[in-house]
There are 2 protein chains.
Amino acid sequence: MLIGDLAQKCGLSVDTLRYYEKIGLIPKPLRDRGGRRVYDQTILRWVDFLDRLKATGMGIKDRLRYADLRTRGAASLTERRQMLEEHRDKVRSDLERLTEMLDVLDDKIILYRKMEAGEAVDPSFENCARTEHGAQ
Amino acid sequence: MLIGDLAQKCGLSVDTLRYYEKIGLIPKPLRDRGGRRVYDQTILRWVDFLDRLKATGMGIKDRLRYADLRTRGAASLTERRQMLEEHRDKVRSDLERLTEMLDVLDDKIILYRKMEAGEAVDPSFENCARTEHGAQ
DNA sequence: GCTTGACCTGGAGCGCACTCCAACTTGTAG
DNA sequence: CTACAAGTTGGAGTGCGCTCCAGGTCAAGC
């Protein structure tokens with residue numbers, strides 16, 4: 001599998017893959033006679049997992065740290081688990097914050113609908129800590 | 001309320017507040033005789049709301065767009081509602097993705113624990129699309 | 001043999017979102 | 001009156017995460 005195929009399969013650009021290799025996020029692949037990178041299937045799982053870490057808000061430094069641990073093999077299992085546990089906790093609290101915000105958004109959307117309908121809005125909404133109406 | 005007080009109350013730095021003003025995210029406040037910015041309480045709700053939009057992944061461009069609409073007053077209610085609805089949908093799908101990822105993390109952490117305990121791991125995990133073990 | 005397209009490298013550039021700095025003015029406490 | 005903390009400005013710098021570019025090589029199809 002050449003870099004273009006991998007890019008297509010994992011949804012990253014060729015440039016991004018080379019960038020990831022440069023900073024050490026993905027291991028250096030073998031090369032063919034012509035010097036082209038040749039990947040095997042296993043890289044796909046790794047790239048996908050990296051993508052999940054990224055999608056859940058893990059920055060490049062921590063992903064690098066994790067990638068580095070990974071290259072150390074089984075000896076780093078415990079450290080990796082600890083990283084994942086910390087990250088999981090972070091994701092959990094992100095989830096809570098997001099859920100909360102979803103409610104705020106829903107409330108606000110309902111309020112806007114009412115205002116659009118010309119309904120008189122309870123003036124106390126002015127003092128609702130979760131509301132920013134902005135109708136000046 | 002001077003800029004330092006506001007900064008403390010809303011948890012942003014003085015520099016960030018001035019930056020937000022510069023790019024148009026927050027309205028230009030009145031000034032006192034000495035040229036210092038003087039904020040009233042209402043700014044707090046707005047800054048908090050902006051912060052929520054940011055915390056839920058709305059970029060600066062969209063926050064700017066929203067801020068701009070806000071300055072137009074009631075005439076922009078519908079557009080603002082539409083923006084919020086779109087954003088809410090995005091947040092909802094983020095939530096789903098995050099929840100899914102949480103499961104992946106939990107699975108992986110459990111797997112790591114087992115591996116740490118020296119348990120033989122079902123070789124089929126190699127082929128589990130959601131798993132990236134990295135134990136080389 | 002030649003064209004075409006995918007690959008290679010090193011390095012520059014970019015958008016976001018701040019963050020810091022120098023040099024200056026102003027308000028307040030002792 | 002003086003010291004100093006906190007404010008002001010314009011502009012430069014930072015870190016992240018890519019993204020693009022020039023100039024070159026290589027492999028495969030016609």
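None of these values were measured; they are calculated from a predicted model. Every chain is numbered from 1 and lettered A, B, ... according to where its sequence line falls, protein lines coming before strand lines.
- Between A:Glu79 and A:Arg65 a salt bridge is recorded (basic side-chain N to carboxylate O distance below 4.0 Å).
- As rounded to whole Å, 16 Å separates atom P of C:dG11 from atom OH of A:Tyr19.
- The side chain of B:Ser13 lies closest to C:dT19, out of C:dC7, C:dT19, D:dC18.
- Comparing D:dC18, C:dC18, C:dG27 by their nearest atom to the side chain of B:Lys54 picks out C:dC18.
- Heavy-atom nearest nucleotides on DNA chain D were determined for A:Arg33 and for B:Val14, and the one closer to the 5' end corresponds to B:Val14.
- When heavy atoms are screened at a 4.0 angstrom cut-off, B:Ile23 is found touching no nucleic acid atom at all.
- Here D:dT25 presents its P atom at 16 Å from CZ of A:Arg31, a figure rounded to the nearest Å.
- Cluster membership check: A:Ile23 shares its hydrophobic cluster with A:Ile3, using side-chain heavy-atom separations under 4.5 Å among Ile, Leu, Val, Met, Phe, Trp and Tyr.
- Comparing B:Gly4 and B:Asp15 by the nucleotide of DNA chain D whose heavy atom lies nearest to each, the residue mapping closer to the 5' end is B:Gly4.
- Listed pair A:Tyr20 / D:dC18 meets the phosphate criterion, a side-chain N or O lying under 4.0 Å from OP1 or OP2.
- The CG-C1' distance, from B:Asp62 to C:dG15, rounds to 14 Å in whole Å.
- No hydrogens or angles considered: nothing links the side chains of B:Tyr66 and B:Arg80 as a donor-acceptor pair under 3.5 Å.
- Atom NZ of B:Lys61 is separated from atom C1' of C:dC18 by 16 Å (rounded to the nearest Å).
- You'll find that the side chain of A:Lys22 is closest to C:dG11, out of C:dG11, C:dC7, D:dT9.
- Among the nucleotides C:dT19, C:dG15, C:dA17, the one closest to the side chain of B:Thr16 is C:dT19.
- Nucleotide C:dA17 holds its P atom 16 Å from the CG atom of B:Leu17, rounded to whole Å.
- Closest to the side chain of A:Arg18, out of D:dC18, C:dC7, D:dG7, is C:dC7.
- For A:Arg36, whose side chain is taken as the heavy atoms from C-beta onward, the closest listed nucleotide among D:dC18, D:dT9, C:dC8 is C:dC8.
- An OP1 or OP2 oxygen of C:dT9 is reached within less than 4.0 angstrom by a side-chain nitrogen or oxygen of A:Arg37.
- Put simply, CG on B:Leu64 is 15 Å from P on C:dG15, counting in whole angstrom units.
- A donor atom on one side chain and an acceptor atom on the other are not found under 3.5 Å apart for B:Ser13 and B:Asp15.
- Of the side-chain N and O atoms in A:Arg63, none sit less than 4.0 angstrom from OP1 or OP2 of D:dC16.
- In terms of position on DNA chain C, the residue among B:Gly35 and B:Met58 whose nearest nucleotide sits closer to the 5' end is B:Met58.
- Look at CE on B:Met1: it is 16 Å from C1' on D:dA6, rounded to the nearest Å.
- In this structure, A:Leu2 atom CG and D:dA27 atom P are separated by 11 Å, rounded to whole Å.
- Side-chain N or O atoms of B:Thr16 include none that pairs as donor or acceptor with a backbone N or O of B:Leu12 at under 3.5 Å.
- Hydrophobic clustering of Ile, Leu, Val, Met, Phe, Trp and Tyr side chains at less than 4.5 Å, counting indirect connections, unites A:Met58 with A:Trp46.
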